[in-house]
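These notes are about the structure you will find just below.
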Amino acid sequence: DSDGAKFEQGHKELGELRGFISDNASGDTEPDPWWIVNEELCIVSEDKIYEKVDKPIPSRHVKQADGHKKWIREKIALLKSNAIVETVFISNSKFIEESSVVYADEIWYLNREEFVDWARKGIDGVRKLRNTFIEEGNLEWRFDAEKVFMELGVTPLDFLELLRKNKLSKLQTN
């Protein structure tokens with residue numbers, strides 16, 4: 001959705017659909033949806049959908065995202081102390097303010113359209129699997145589910161690979 005609040009809600013629900021522990025904080029500087037894949041991996045996001053796609057990402061939004069990893073480590077007890085916590089900035093903008101770059105080095109960037117494409121493939125996989133679901137804990141179905149997600153390229157590792165393609169700090173300044 002082009003509405004930021006609806007986009008965040010969909011992002012959170014996608015995590016739940018995929019079987020992750022998924023949540024979204026409501027405070028101004030708190031993270032947008034985060035997905036806890038397991039006790040060793042958390043993906044936390046800052047979702048910003050701007051009215052104009054050529055609007056450069058402002059430093060206040062980058063600074064906000066820069067604090068998400070610390071917030072997750074302090075507030076989420078489910079994670080091991082050495083868990084990987086990756087921060088991703090998901091936006092329709094492909095530009096960043098020059099003054100923002102200094103705060104963006106530890107943050108990954110994912111364009112909204114790439115995220116939506118990945119999400120659609122994952123939802124298609126869930127639809128396909130739903131038709132064959134027998135009962136909770138069925139190992140054969142779980143192996144089939146793993147195979148479907150691997151074939152579609154929508155596993156958690158595939159998502160990490162996708163988001164790790166671009167550092168936010170490497171976006172074009174404008």
Gap separating the CD atom of Glu13 from the CD atom of Glu8, nearest 0.5 angstrom: 12.0 Å
So which heavy atom on Asp66 is nearest to which on Ile107, and how close? N-CD1, 3.7 Å
Considering residues, nucleotides and ligands other than Gln9, do more than 12 of their heavy atoms fall under 6.0 Å from its CD? yes
Testing the basics here: between Gly122 and Val154, what is the closest heavy-atom pair and its distance to 0.1 Å? N-CG1, 3.7 Å
Does Ser45 use its side chain to pair, donor to acceptor, with the backbone of Pro33 at less than 3.5 Å? yes
Report yes if the side chains of Glu40 and Ile84 come closer than 4.5 Å at any heavy-atom pair, otherwise no. no
Test side-chain contact (heavy atoms from CB on, under 4.5 Å) applied to Phe115 and Leu110, Val88, Leu162, the passing residue: Leu110
Angle between ring planes, Phe133 versus Trp141, binned at 30° and 60°: parallel, tilted or perpendicular? perpendicular
When rounded to the nearest 0.5 Å, the distance separating CD of Glu97 from CG of Leu171 is 12.0 Å
How about Val53 and Lys94: do any of their side-chain heavy atoms sit closer than 4.5 Å? no
How far does CD1 of Ile36 sit from CG of Asp23, to the nearest 0.5 angstrom? 8.5 Å
Side-chain heavy-atom pair Val85, Ile76 within 4.5 angstrom cut-off: no
Minimum heavy-atom separation for Val44 and Pro31, please, with both atom names. CG2-CB, 3.4 Å
Testing the basics here: between Thr155 and Arg18, what is the closest heavy-atom pair and its distance to 0.1 Å? CA-NH2, 4.3 Å
Does the side chain to side chain contact (heavy atoms under 4.5 Å, CB included) test come out yes or no for Asp32 and Phe7, once each step is laid out? CA-CA 10 Å; Asp32 288 341; Phe7 183 84; over 6 Å; no
Taking the six-membered ring for Trp, are Trp35 and His11 parallel (under 30°), tilted (30 to 60°) or perpendicular (over 60°)? perpendicular
Qualifying salt bridge (Lys or Arg N to Asp or Glu O under 4.0 Å) pairs with a residue from residues 127-142, counting only residues at least two apart or across chains: Asp124-Arg127
Show your working on side chain to side chain contact (heavy atoms under 4.5 Å, CB included) between Val37 and Leu160 and close with a plain yes or no. CA-CA 11 Å; Val37 177; Leu160 278 176; over 6 Å; no
Scan residues 63-103 for pairs that pass ring-ring contact (aromatic ring centres under 6.0 Å, His included), counting only residues two or more places apart or in two chains. Trp34-Trp71
Any non-hydrogen side-chain atom of Tyr50 less than 4.5 Å from a side-chain atom of Ile57? yes
Do Leu163 and Ile43 have side chains that get closer than 4.5 Å, going by heavy atoms? yes
Could you measure the distance from the CG atom of Leu14 to the OG atom of Ser22? Nearest 0.5 Å is fine. 8.0 Å
Is a donor on one side and an acceptor on the other found under 3.5 Å between the side chain of Ser59 and the backbone of Ser100? no
Restricting to non-hydrogen atoms, name the atom on Arg73 and the atom on Ala83 that form the minimum distance, rounded to 0.1 Å. NH2-O, 2.6 Å
Kindly say whether Asp28 contributes a backbone atom to a donor-acceptor pair with the side chain of Gln64 at under 3.5 angstrom? yes
Is Leu41 reachable from Ile21 through a run of I, L, V, M, F, W or Y residues, each pair having side-chain heavy atoms under 4.5 Å apart? no
Among residues at least two apart in sequence or on other chains, which ones pass salt bridge (Lys or Arg N to Asp or Glu O under 4.0 Å) with Asp158? none
Tell me whether the count of non-hydrogen atoms from other residues, nucleotides or ligands lying under 6.0 Å of CD in Glu98 goes above 12. no
Once you round to the nearest 0.5 Å, how far does CD1 of Ile49 lie from NZ of Lys6? 13.5 Å
Common cluster, Met150/Phe159, ILVMFWY with side-chain heavy-atom separation under 4.5 Å: no
Closest non-hydrogen atom pair between Leu79 and Asn38, with its separation: CD2-O, 3.7 Å
Working to the nearest 0.5 Å, report the span between CD1 of Ile96 and CG of Leu168. 4.0 Å
Can you pull out every side chain to side chain donor-acceptor pair (under 3.5 Å) where at least one residue sits in residues 113-122? Sequence neighbours excluded, please. Glu114-Lys165
Do Leu129 and Leu17 share a hydrophobic cluster, counting only Ile, Leu, Val, Met, Phe, Trp and Tyr and linking them when any side-chain heavy atoms are less than 4.5 Å apart? yes
Using the test side chain to side chain contact (heavy atoms under 4.5 Å, CB included), find all partners of Lys167 that sit at least two apart in sequence or belong to another chain. Trp108, Ser169, Lys170
Taking only residues at least two apart or on different chains, which pairs with a member in residues 47-57 satisfy salt bridge (Lys or Arg N to Asp or Glu O under 4.0 Å)? Glu46-Lys48
